[in-house]
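Everything numeric here is computed off the predicted structure, so don't read it as measured data. Just so we're on the same page: letters track the sequence lines, and every chain starts at 1. Just so it is clear, the values below take in all heavy atoms, side chains as well, and ignore hydrogens, waters and symmetry mates.
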Amino acid sequence: MSSSSPAGEPLAERYEAAKFESGAYRRWEEAGYFAPRGDGPPFCIVIPPPNVTGSLHMGHAFQDTVMDALTRYRRMRGDCALWQPGVDHAGIATQMVVERQLEAEGLSRRELGREEFVRRVWAWKESSGGRIGAQLRRLGASADFSRDCFTLDEARSRAVREVFVRLHEEGLIYRGKRLVNWDPVLQTALSDLEVVSSEEEGRLWRLRYPLADGGGAVEVDTTRPETMLGDTGVAVHPNDERYRKLIGRMARLPLVGREIPIVADEAVDPEFGTGCVKVTPAHDFTDHEIGKRHQLAAINILTPRAFLNDSVPRPFAGLERFAARKAVAQALKDEGALIGVRKHRHAVPRGDRSQAVLEPLLTDQWFVRAAPLAEPAIAAVEDGRVRFVPENWAATYFEWMRNIEDWCISRQLWWGHRIPAWHGPGRAVFVGRSEAEVRRKHSLGQDFALRRDDDVLDTWFSSALWPFSTLGWPERTRELERFYPGSVLVTGFDILFFWVARMIMMGLRFMGDVPFKEVYVHGLIRDHEGQKMSKSKGNVIDPLDLIDGVDLDTLAAKRTSGLMQPQLAPGIERATREQFPKGIPAFGADAVRLSFAALASTGQDIRYDLERTAGCRNFCTKLWNAARFVFMQQDSEEPEGPPGAPGALAQEQEPDPSAASIANRWIVSRLGRALDAAGKALDGYRLDLASRAMYDFVWREYCDWYLELAKRILADGEPRASAATRRTLARVLEAVLRGLHPIMPFITEALWQRAAALTGAAGESVMIADWPLSSEFPRDEQAEAEIEWLQGFVLGIRQIRGELDLPPGRKLKVLAQGANNRDRARMESLAGLLRPLAGIGELSELAEHAEPPPSASALHGGMRLLTPLAGIIDPAAERTRLEKLLAQAQKVLQATERKLANPQFLAKAPPQVVQGARDRHAAVVRDLERLAEQIRRLKAMQAE
RNA sequence: AGGCGCGUAGCUCAGGGGUUAGAGCACUUGCUUGACAUGCAAGGGGUCGGUGGUUCAAUUCCACUCGCGCCUACCA
């Protein structure tokens with residue numbers, strides 16, 4: 001390739017993603033292509049904001065690929081597309097990271113003080129916060145980074161304050177002392193959603209509480225004996241005959257001596273244990289309800305760190321909860337109040353971040369009254385204003401929303417939106433956008449002491465506002481006007497409740513409309529064994545390592561550093577070295593994206609296997625090389641009439657413009673079908689199907705067949721046919737690049753300029769070109785039929801060659817017997833393509849009734865294609881081959897015969913189905929005869 | 001306990017009431033074919049979890065069943 005290509009430098013011989021990806025991205029960003037443009041219909045995706053101090057994992061990369069593909073597709077379809085980026089402050093997660101850093105310095109946040117601590121978190125955010133954006137850029141994300149947002153920036157904070165104040169004014173936010181899930185390690189309340197319960201091996205203690213008036217005792221079971229110190233009642237089921245007499249009597253609490261009533265309550269399951277339940281209203285959710293129904297006191301026995309407080313008898317006060325458990329059990333045993341202990345599997349609630357066992361604890365917290373917000377949010381999904389894809393997720397949404405509980409939004413943390421409430425003397429609380437507003441509104445003088453609430457809001461509170469806060473709310477911005485509601489939310493099912501539900505509630509409340517019209521729910525990325533990817537399992541892969549590659553040592557070091565449990569390191573290291581003996585090669589962003597897109601089916605789990613990405617990288621190489629071929633053909637076009645060559649070729653073979661025309665029309669028609677399928681798939685969020693349609697077209701049709709056909713046409717040198725073929729090569733390539741661009745932005749950009757120059761479609765960038773519509777590539781049934789015939793012919797001969805191990809270079813002599821007029825015409829018109837593709841040296845016709853020479857044979861429609869054996873073919877091997885075909889044909893014969901023998905089938909099946917079966921039957925009968933005949937001949941030969 | 005989903009080739013997954021059920025990877029054989037060995041050509045491999053029903057026709061729809069997974073709520 002000496003001459004330069006249309007776009008300047010010659011195309012590199014090898015596909016090397018690293019050579020062009022970052023350059024292409026920089027050009028897009030500098031050109032401002034990511035900003036919404038044009039006056040097309042708005043299309044908007046708001047990113048689910050990743051944690052600002054984290055980095056993107058495979059799940060993010062997958063999700064971002066989906067969002068980017070959709071955004072790029074809609075942009076190319078002419079929509080005014082906005083992909084709104086941003087990051088989340090991730091309250092607990094981030095605070096924990098910084099606290100751990102402090103720990104390493106031997107400091108605690110309390111020593112540092114709130115102000116200084118928050119300053120440290122901001123500093124950490126500044127130093128690590130750019131990582132997400134950098135990763136997104138390497139992935140090719142076409143998000144409008146000029147609009148980057150942060151949940152804790154000033155504009156978003158303002159939205160949070162505004163919403164809080166308004167909800168409070170409307171009575172939808174309240175403060176109260178309620179039983180909440182308390183994390184004794186992080187020392188904060190959590191919402192129900194942040195509790196992860198899992199079955200654990202525990203123990204069940206059976207205790208005996210004597211009746212206060214003598215005469216027996218009740219027996220109760222508990223998994224947390226220490227809570228008995230806070231018991232204020234015993235409950236039985238009202239219909240439980242065994243205990244009916246006890247209702248209303250008193251029991252005496254061992255160790256404590258308190259007399260507690262025995263009450264009747266429906267919540268008790270008479271089947272479980274003894275059917276008697278100890279009631280600890282301050283430390284159990286069910287008991288709390290029972291206590292309220294029967295006016296039982298709620299005695300809090302725990303400190304925020306889950307040590308026993310002074311409400312319990314002296315020997316136990318001050319004990320840590322698990323030590324207290326032992327001590328209480330022992331004391332009960334000593335007193336004869338412990339009847340027994342047995343193993344017991346039960347669900348233990350833990351904090352999703354700290355993994356600490358949670359305690360229900362009575363504390364003052366802020367809550368959102370959820371039911372009134374849920375009602376319109378349920379309606380919005382019911383009436384289709386929000387549509388889930390796949391639809392069945394709506395059921396999950398409804399189930400949760402219809403049983404929604406109030407949402408605890410206050411957190412005893414320092415990193416987050418501080419609650420806009422001020423405490424006065426006593427229990428007076430004032431809510432307002434600022435202290436000044438509070439003073440003004442409530443006419444409080446400057447001397448009236450106000451102290452701002454210490455708590456911050458749940459991170460998800462600000463996330464719930466994200467669909468409109470990122471567009472400028474509470475200002476009435478143009479963006480809000482234009483892009484709200486968003487088009488689609490792309491998210492994992494794991495945060496359906498955290499996010500989707502709450503965004504719909506808040507959107508409806510504050511914007512009067514849903515936040516997005518569709519929710520595309522994707523699966524979660526797991527490793528190739530179906531294991532969840534996690535640092536502690538040591539199976540995480542950094543998406544950037546797939547793009548850029550990573551050597552084994554670096555990978556192993558990465559996986560084993562910063563582990564919460566350092567003792568896991570050796571095992572992780574071993575597994576890593578075993579799985580990736582050579583590290584990970586650089587696949588490039590497009591291969592990574594394509595593999596994600598291909599995996600984006602509708603299930604819950606997505607098993608990620610590196611081999612899949614390797615296959616996609618191969619596809620990139622294939623596309624690259626195909627493009628090189630196309631460009632090469634254009635480059636090699638000689639000026640006009642080089643002496644000698646065309647004439648010489650013309651002598652050998654009649655140039656055949658019609659064959660060229662058929663091939664060209666065929667590939668255009670096939671492209672139209674592929675684009676049709678890909679477009680429909682993208683419209684329905686089926687990136688897997690879209691990828692496959694394009695992949696198959698490029699590899700299996702364009703490369704495998706069309707390029708080979710084109711080579712023959714160009715080799716023939718007929719000027720008009722060659723010119724048309726060069727045009728078609730380029731035109732199809734150019735359209736393919738546009739079609740693939742949403743999924744593979746980089747390679748398509750790298751190749752498109754040159755391709756576009758050849759077709760006269762040049763523009764600044766493929767990313768702002770039009771997505772190719774299938775209507776531009778008309779179906780041509782006739783051309784498709786012709787090429788299908790040609791493929792059948794070629795495959796027949798290749799099968800003989802392949803299975804009989806004939807060398808590819810060996811030209812075969814082929815006799816066609818039983819040709820009809822159409823076969824004859826096609827053999828004539830397509831000979832120039834047929835012969836080289838099938839490796840035929842000499843093609844001639846044999847009269848229907850002529851006795852053929854000993855041959856290997858293939859059936860093609862009504863024809864027998866015969867390759868005379870002439871000592872080059874093993875008759876035994878050929879016979880085996882045909883017998884296999886015979887057996888296959890017999891199976892088909894049986895199936896069709898069974899059908900046609902059924903009068904019901906003939907009477908009730910649609911006529912075209914019946915006709916199809918008849919045609920098929922006739923064809924297979926014909927094939928069987930011919931196979932049998934051919935086998936007979938081979939037998940006869942072998943007998944000789 | 002309730003809800004949802006899955007079970008198709010050795011593995012990971014598409015598919016869909018009607019020819020002989022597909023792909024990628026893996027496997028076998030043959031190939032330095034003028035874009036590509038990250039490749040080309042040919043091939044092997046599936047009673048579509050089981051049972052029953054609807055239907056002219058079921059791998060596809062329905063019921064039940066077995067196995068697996070997830071979510072929600074939990075019995076102390």
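Using a cut-off of 4.0 Å between Lys/Arg side-chain N and Asp/Glu carboxylate O, D704(A) and R700(A) are scored as salt-bridged. Taking the charged nitrogens against the carboxylate oxygens, K278(A) and D287(A) have no contact shorter than 4.0 Å, which rules out a salt bridge. Under the 4.0 Å criterion applied to side-chain N and carboxylate O atoms, E529(A) and R607(A) are not assigned as salt-bridge partners. The pair E701(A)-R673(A) does not count as a salt bridge, with every side-chain nitrogen at least 4.0 angstrom from each carboxylate oxygen.
Between R607(A) and C13(B) there is a side-chain polar atom (N or O) within less than 4.0 angstrom of OP1 or OP2. Not one side-chain nitrogen or oxygen of Q904(A) sits closer than 4.0 Å to the OP1 or OP2 atom of U55(B). Dashed line: the shortest gap from a side-chain N or O of K711(A) to OP1 or OP2 of A35(B) is under 4.0 Å. For N618(A), a side-chain nitrogen or oxygen approaches OP1 or OP2 of G39(B) to under 4.0 Å.
Rounded to the nearest Å, the gap between the C1' atom of A63(B) and that of A73(B) is 28 Å. Straight-line distance between the P atoms of A9(B) and A14(B): roughly 12 Å, to the nearest whole Å. Separating the P atom of G44(B) from that of A21(B) is a span of 13 Å, rounded to the nearest Å. Atom name C1', nucleotides U60(B) and G46(B): the rounded distance is 16 Å, in whole Å. Separation of the P atoms belonging to G50(B) and C66(B) is 15 Å when rounded to the nearest angstrom. Comparing the C1' positions of C68(B) and U29(B) gives a spacing of 38 Å, expressed to the nearest Å. Rounded to whole Å, the separation between the P atoms of C71(B) and U65(B) comes to 24 Å. When the C1' atom is used for both C62(B) and U54(B), the distance is 7 Å, rounded to whole Å.
Taking atom OH on Y15(A) and atom C1' on G39(B), their separation rounds to 16 Å, with Å as the unit. Nucleotide G43(B) holds its C1' atom 7 Å from the NZ atom of K884(A), rounded to whole Å. Taking atom CH2 on W699(A) and atom P on A37(B), their separation rounds to 11 Å, with Å as the unit. The distance between atom CD of Q633(A) and atom P of A35(B), rounded to the nearest whole Å, is 7 Å. If you take CD of E803(A) and C1' of G43(B), they are 6 Å apart, rounded to a whole angstrom. The distance from atom CD1 of I525(A) to atom P of C13(B) is 11 Å, rounded to the nearest whole Å. Rounded to an integer number of Å, the gap from Q888(A) CD to G43(B) P is 10 Å. Between the CD atom of E13(A) and the P atom of A35(B) there is a distance of 12 Å, given to the nearest Å.
Closest to the side chain of E611(A), out of C25(B), A42(B), A35(B), is C25(B).
Checking A1(B) for Watson-Crick or G-U wobble geometry (two distances, each under 3.5 Å) identifies U72(B) as its partner. Pairing for C64(B) is with G50(B), a Watson-Crick or G-U wobble pair whose two hydrogen-bonding atom distances lie under 3.5 Å. Checking C25(B) for Watson-Crick or G-U wobble geometry (two distances, each under 3.5 Å) identifies G10(B) as its partner. If you check A37(B) for Watson-Crick or wobble pairing at under 3.5 angstrom, you find it has no partner at all. Base pairing analysis places U20(B) opposite nothing; no Watson-Crick or G-U wobble pair with both distances below 3.5 Å involves it.
Residue D704(A) is classed as a sugar-phosphate contact, given heavy-atom separations below 4.0 Å to backbone atoms only. Within 4.0 Å (heavy atoms only), R617(A) reaches at least one base atom of the nucleic acid. When heavy atoms are screened at a 4.0 angstrom cut-off, P910(A) is found touching base atoms of the nucleic acid. In this structure, R700(A) reaches the sugar-phosphate backbone alone: every heavy-atom distance under 4.0 Å involves primed, P, OP1 or OP2 atoms, never a base. Among the heavy atoms of the strands, none lies under 4.0 Å from W205(A). Among the protein residues, R920(A) comes within range of the nucleic acid bases, having at least one heavy atom under 4.0 Å from a base atom. R686(A) comes within contact range of the sugar-phosphate backbone alone, with a heavy-atom separation under 4.0 Å but no base atom that close. Among the atoms of the strands shown, base atoms are found under 4.0 Å from some heavy atom of E708(A). Note on L689(A): only backbone sugar-phosphate atoms sit closer than 4.0 angstrom, heavy atoms only; bases stay farther off. When heavy atoms are screened at a 4.0 angstrom cut-off, D805(A) is found touching the sugar-phosphate backbone but no base atom. No engagement by K899(A) is indicated, since no non-hydrogen atom pair under 4.0 Å with the nucleic acid exists. Counting any heavy atom pair closer than 4.0 Å across all strands shown, L795(A) reaches sugar-phosphate atoms only and no base atom. If you check every strand for non-hydrogen atoms under 4.0 Å, A626(A) touches a base.
Within a 6.0 Å sphere centred on CD of E16(A), heavy atoms belonging to other residues, nucleotides or ligands number more than 12. The number of heavy-atom neighbours closer than 6.0 Å to CZ of R345(A), taken from other residues, nucleotides and ligands shown, is above 12. Crowding of R712(A) atom CZ: a count of heavy atoms from other residues, nucleotides or ligands under 6.0 Å exceeding 12.
Using modelled atom types and a 3.5 Å distance limit, the side chains of T613(A) and Y608(A) yield a donor-acceptor pair. For the residue pair E399(A) / N403(A), no side-chain donor-acceptor distance below 3.5 Å is found, with atom types taken as modelled. No hydrogens or angles considered: a donor-acceptor pair under 3.5 Å links the side chains of D265(A) and H294(A).
Applying the 3.5 Å distance criterion, the base of A57(B) shares no donor-acceptor pair with the side chain of K908(A).
A residue-by-residue look at H528(A) and D927(A) shows that H528(A) has its nearest nucleotide of RNA chain B further toward the 5' end. Between R801(A) and K891(A), it is K891(A) whose nearest contact on RNA chain B lies nearer the 5' terminus.
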Per-nucleotide protein contact string for nucleotides 68-76 of chain B, where B marks a base within reach and S marks sugar-phosphate only (heavy atoms under 4.0 Å, - for neither): -BSSS-BBB
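Annotation: side chain of F587(A) is not in contact with side chain of L594(A) (no heavy-atom distance under 4.5 Å).
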